[in-house]
Amino acid sequence: MESNNDEPRRLDGRTVSGLQQALREQAIRAMNRGGRSHHGRGGGRHRGRPPGLRGREIGMFYRQRAMEREQQEELESFVLLQPEIIVKVQKMLSEYDSASTSTFRSEFENYFKSIRSTSFEQNMKEKLLESCVEQDDRLDEKMMIEYDEMMDNLKFQENMITREKLPVNTKKEEILNAIASNQVVLISGDTGCGKTTQVPQYVLDSYLSSGKASLCKIFCTQPRRISAITVAERVAWERAQHLGESVGYQIRLQSVLPHERGSITYCTTGILLKRLESDPLLNGISHIFLDEVHERDVNTDVVMGLLKEIISHRPDLKVILMSATFNTSTFSAYFNNCTNIEVQGTLFPVTEFYLEDVLEETKFANFPEEVQRKRPKWEKYRNKYKQSDSLDDYTSFIEPYARSVQDKYSKFVIEGIKNPNSEKINVDLLTALIFHISFNKPAGAILVFLPGYEAISKLHTSITNSKFYSAEKFKVYALHSMMPTADQKSVFSRPPENVRKVIISTNIAETSITIDDVVYVINSGKSKMTNYNPETKLQTLEEVWTTLANNKQRRGRAGRVQPGICYHLFTRAREFTMDALPTPEILRTRLESVILNLKMLRIHDVAQFLRKLVSVPDDSVVQTSIALLKRLNALDEREFITPLGLHLARLPIDPQIGKMILLAALFKCVDPITSVAANLSFKDPFYRPLGKEKLVDDIRVKFSKDTKSDHLMAANVITEYREEKRKGNERSFCYDNFLSISTLNQLEKMKGQFTDLLMEARFLESSDPTDPKNNYNSSNLDLLRSIISAGLYPNVAKVRRVKICKRRVDPRMDIITPEDGRVSFHPSSINSKQTGFEYKFFAYFMKQKSTAIYLFDTTMINPRALLIFGDGEGAGFDQLGNHFILLGDSFRFRTNRVSAEVILKLREKFDELLQKKAINPGPVDPESEDALLLGAITEVLNAGRFSGHPDYSSDEGNVM
DNA sequence: GGGGACGATC
């Protein structure tokens, strides 16, 4: 056994010194400590102490040293390869060394070089020569006849009566003239004005009737998949046609395309963006409508930036921006002060009330007097100054307003709004208001906007537990993206007479879900926002005040069928402090995918391009994202896209996950890893119905089997779903396990898309994810976990020690990442429920700070995989002769010389292999030298697998 | 011990 050469216990991390210091300093400090081993610590305690310290200083010194040691321990580990493995792998590597290297596959080389050497501008000029849409007289004639037939259709004529009543119809000629005489036009109008369904039809019909339909091809982008479909269906219906005639849609993995010319295609913004990669001039397209530009999602902002450049090369291309009626000058200004045509909406008037009115009406005065301290004691003291500060702020902000309205409201109302707790979400007040409306106001559904799951859950409980509640008189729905109600039709159905429908929702009901019979809206004034902090490099989820734009949108939800009422649960004074608009998404997010996509468009100076967008992201975020892309080898040192980066950019997926499925192709474990990738890039298939949270968590643990992996748990779910579907049993399987059939089906489709693309790029021989040829290693659990970690790298966390609380891991304890210090398993991660781990290392994809820094999805990782697939400044030995390997710039592994050599050689050779495969894509031939290398890697991973044998496994990571 | 909402050619 190797323990004869390097006895693990004596290589305990405690004898080595400061990790983030220079190596020299480390060595000197270690020497000062006399190189004592763990066992010798009890002996000469004073020997490492500098002379001249007295009294308290001695205590301070030891305390400091204990802290240093603890920090080192957190980041330091131990790895040793067994001698027989070393011999075997060294032999394999020496054979591999003699193998020849590969060269560019020629057609890929040309493509790659054209992307690196041409600019966006040049590329457009080249494409212009190829593209020229000719008018087709015969087609025009045919379409004109069809158009006449449509006009004669009774159904069409009947629909036209309704269409002509839409407000946008009053501006029809003005709009058509503006589009005819301008390249860019902005049309702004509020919900219900008909711009989305009508304006593209006005344009199409003007071409049809003038016999030039072959020159008209309209694309209209939508931010959401669902709206692309429903709008297309509606427009086809209005024209008394089926989808696929003059109207169609295209979203990811699903489309009904209309006729090639003389047609309207509703698509998601993402589809247009992807198309631009190979078709930057939008060949054959005559009109681009960008709808809902006011929502300011990343894709729309980027497309606007690109269109601004494209239009000068395509003078015949018309761009029509469509927006809600706020903030329109921003878009008009962005496009050289383009014409803005404003259209009135058709919503019914909505009366607004504010907190002070609600208190008066409900007689609610029951706000908690004390400042509630939910935080632990220590935090209270730490924030003491801050707390009182914000209290003073509140007082000085509310006092003048309270004085100005004191004659209009009862004294208890004025006292109420002066209480800072009146600004917190108050379930009692919400419940009182809901029953007040229910028993005193005319019929109509009540829609409550709350920030998130917790508040929805509390209010739901409060309502249904109330003495005023009865199941016969109320129908209460909770609406959240993770709840099944969001996918069901029942929430749209009108309740029987005398039954009050109450919908408690997140902002999913602001844009994505529209419920027509809502008459009363209750706006809590709060919503949740993800944000990205460039300094801490952390994504956060914060509860924030809504903006005036949100308030307007929420209010509008009450006026769809009749005049409505909106109750804002904040004062008019608070409204005065609210922002006009939400922060555009591009300022709140990381930019890896955006940057890689721009590189594909041959936009090399990404930072310069981003500076020309409507909102300019922080340069430090751009730089952080570029740095990660370099670390993934997607960009080279000069920030040019690499062959690997090009493959990653072509996949519709985050670059890290793209790398994961590329590795899965090389290592032949495609089915489980594409499941992991689909799950990470789309959404979790589990529903979380109210009150079933624990049940769902238990089911997740059940599906995880013994993998210690949320990712492989998801893969297991897909495998079992497929099996149940084969048996015709999928409905009950999904019902019993709180799974969404539609999400699972989409995940399956996405897997197919990944394998299609991998095959197209020649990394696979079969495009069936389940083909045995793609899955020789799919049952090698340790390999699967390694591939996951290789993709997710450098997202690595380490468990320091496990605390058990009520027979479960306490998820708040003792997990660290080098960048953030202490983090936690999110309670929904199956690893927050495990009681023992064989390895200390975990890979994760999503990290988000809310009440703590949570890792949402985690896989326990064999540290050998990290060392082979990770990066770092290499290895060496300190002055005590202790060998080490670095992982990244912080994790450090003690080892011996031969182990270090073998591991680093594998790392180097694997990097080479990946680059080689990127320039000459192809499956790994089992007879080739590449297979030998992959075999050697698998050998090392397998030999490091936890075997229950304490001699080496304990120091590599066993923590229980 | 807890999850605002979206999205990805041919």
Side-chain angles (χ1 to χ4, degrees), chain A residues 219 221-228 250-255 257 265 267-279 282-284 292 295-300 302-303 449-457 479-483 486 505-513 524 526-531 540-544 546 550 553 582 585 588-589 593-594 596-597 600 649-654 657-658 681-684 686-688 693-694 696-697 746 750 753-754 756-757 760 805-806 808-813 824-829 832-833 846 848 850-852 854 856-857:
Chain A
F219 266 64
T221 70
Q222 296 292 315
R224 284 168 292 284
R225 296 155 50 87
I226 298 288
S227 47
Q250 187 180 7
I251 63 177
R252 181 180 184 181
L253 298 170
Q254 191 180 330
S255 64
L257 297 181
T265 307
C267 68
T268 48
T269 323
I271 293 281
L272 182 69
L273 198 54
K274 205 73 185 159
R275 180 180 179 139
L276 284 168
E277 275 177 20
S278 63
D279 181 17
L282 296 170
N283 236 322
E292 318 281 15
E295 287 188 19
R296 303 300 309 279
D297 63 278
V298 171
N299 284 348
T300 309
V302 172
V303 167
F449 283 104
L450 292 177
Y453 193 100
E454 192 189 3
I456 291 173
S457 180
L479 219 45
H480 186 288
S481 66
M482 289 187 303
M483 293 177 188
S505 175
T506 62
N507 48 15
I508 194 170
E510 233 179 73
T511 50
S512 307
I513 292 177
S524 67
K526 301 275 173 63
S527 65
K528 292 205 179 187
M529 261 309 197
T530 54
N531 223 324
T540 59
L541 182 68
E542 295 158 80
E543 191 177 300
V544 294
T546 49
N550 295 124
Q553 180 67 24
E585 191 190 6
R588 299 187 284 111
T589 181
S593 292
V594 171
L596 210 50
N597 286 337
M600 280 292 280
R650 295 180 78 175
L651 293 166
I653 202 170
D654 285 329
I657 307 175
S681 71
F682 186 49
K683 64 178 176 184
D684 198 296
F686 284 96
Y687 285 125
R688 306 189 83 84
E693 299 88 342
K694 298 277 184 293
V696 178
D697 287 348
Q746 179 73 0
M750 289 170 67
Q753 186 187 26
F754 297 152
D756 283 347
L757 290 166
E760 202 178 282
C805 176
K806 292 178 190 163
R808 284 180 163 175
V809 176
D810 183 341
R812 289 169 307 176
M813 289 300 163
S824 308
F825 289 127
H826 191 274
S828 64
S829 167
S832 72
K833 315 236 175 344
M846 221 269 274
Q848 183 171 262
S850 51
T851 53
Y854 285 113
F856 276 66
D857 52 287

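Below, chain A is the first sequence line, B the second, and so on; all start at residue 1. Note that the structure is a prediction, hence the values are computed from the model and not measured.
Distance CD (A:Q746) to C1' (B:dC6): 14 Å, rounded to an integer number of Å. Whole-Å rounding puts the A:I226 CD1 to B:dC6 P distance at 9 Å. As a whole-Å value, the separation of A:E277 CD from B:dG7 C1' is 14 Å. The CD atom of A:Q254 sits 12 Å away from the P atom of B:dC10 (whole-angstrom rounding). Put simply, CG on A:N597 is 16 Å from P on B:dG7, counting in whole angstrom units. For A:E543 and B:dG3, the CD to P distance is 11 Å, given to the nearest whole Å. One interatomic measurement links the two molecules: CD of A:Q222 to P of B:dG7, which rounds to 11 Å at whole-angstrom precision. What separates CG of A:L272 from C1' of B:dA8 is a distance of 12 Å, to the nearest Å.
OP1 or OP2 of B:dA8 lies within a sub-4.0 Å distance of a side-chain N or O belonging to A:R225. For the OP1/OP2 pair of B:dG4 and a distance below 4.0 Å, the side-chain nitrogens and oxygens of A:H480 include at least one atom meeting the criterion. Look at A:Y854 and you'll find a side-chain N or O under 4.0 angstrom from OP1 or OP2 of B:dG2. Proximity of A:T851 to the phosphate of B:dG2: a side-chain N or O atom is located under 4.0 Å from OP1 or OP2. For B:dG4, neither phosphate oxygen OP1 nor OP2 lies less than 4.0 angstrom from any side-chain nitrogen or oxygen of A:Q848. Taking 4.0 angstrom as the limit, A:T511 places none of its side-chain polar atoms (N or O) nearer than this to OP1 or OP2 of B:dA5. Listed pair A:T530 / B:dA5 fails the phosphate criterion, with no side-chain N or O lying under 4.0 Å from OP1 or OP2.
Contact check for A:E295 versus A:Q553: no side-chain heavy atoms found under the 4.5 Å cut-off.
Looking at the side chain of A:F856, the nearest of the listed nucleotides B:dG2, B:dC6, B:dG3 is B:dG3. Side-chain atoms of A:K528 lie closest to B:dG4 of the nucleotides B:dG4, B:dG3, B:dA8. Minimum atom distance to the side chain of A:H826 is reached by B:dG2, of the listed B:dG4, B:dC6, B:dG2. Nearest to the side chain of A:T506, among B:dG4, B:dG3, B:dA8, sits B:dG4. Residue A:S481 places its side chain closer to B:dC6 than to any other of B:dC6, B:dG3, B:dG2. Between B:dG4, B:dG3, B:dA8, one nucleotide has an atom nearer to the side chain of A:I271 than all others, and that is B:dA8.
Along DNA chain B, the nucleotide nearest to A:S593 and the one nearest to A:M482 differ in position, and the one closer to the 5' end is contacted by A:M482. When the nearest nucleotides of DNA chain B are assigned to A:D279 and A:N507 by heavy-atom distance, the more 5′-ward of the two goes with A:N507.
The aromatic rings of A:H480 and A:Y453 stand perpendicular to each other, their planes meeting at an angle above 60°, with 30° marking the opposite boundary.
Nucleic acid contact for A:L541: base, since at least one base atom lies under 4.0 Å from a heavy atom of the residue. Among the atoms of the strands shown, only primed sugar atoms or phosphate atoms (P, OP1, OP2) are found under 4.0 Å from some heavy atom of A:Q753. Across all strands shown, A:I653 has heavy atoms under 4.0 Å from base atoms, whether or not it also approaches the sugar-phosphate. A:E585 comes within contact range of at least one nucleobase, with a heavy-atom separation under 4.0 Å. Heavy atoms of A:R688 sit under 4.0 angstrom from at least one base atom.
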A:C267 and A:Q222: CA distance, side-chain angles, deciding distance, side-chain contact (heavy atoms from CB on, under 4.5 Å) verdict: CA-CA 6 Å; A:C267 68; A:Q222 296 292 315; over 6 Å; no

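For A:E542 (side chain) and A:M529 (main-chain N/O), no donor-acceptor pair under 3.5 Å exists by modelled atom type.
In the interface, the side chain of A:T268 is not paired with the base of B:dG7 through any donor and acceptor atom under 3.5 Å apart. Contact of A:D697 with B:dG2 (side chain to base): a donor-acceptor pair of N or O atoms is detected under 3.5 Å. One cannot find a donor-acceptor pair under 3.5 Å joining the base of B:dG7 and the side-chain atoms of A:K683.
Side-chain contact, A:R252 with A:Q746: no donor N or O sits under 3.5 Å from an acceptor N or O. Using a 3.5 Å distance cut-off with no hydrogens or angles, the side chains of A:T540 and A:N531 do not pair a donor with an acceptor.
Of the options A:T506, A:L450, A:N507, a side chain to side chain contact (heavy atoms under 4.5 Å, CB included) to A:S527 is made by A:N507 and by none of the others.
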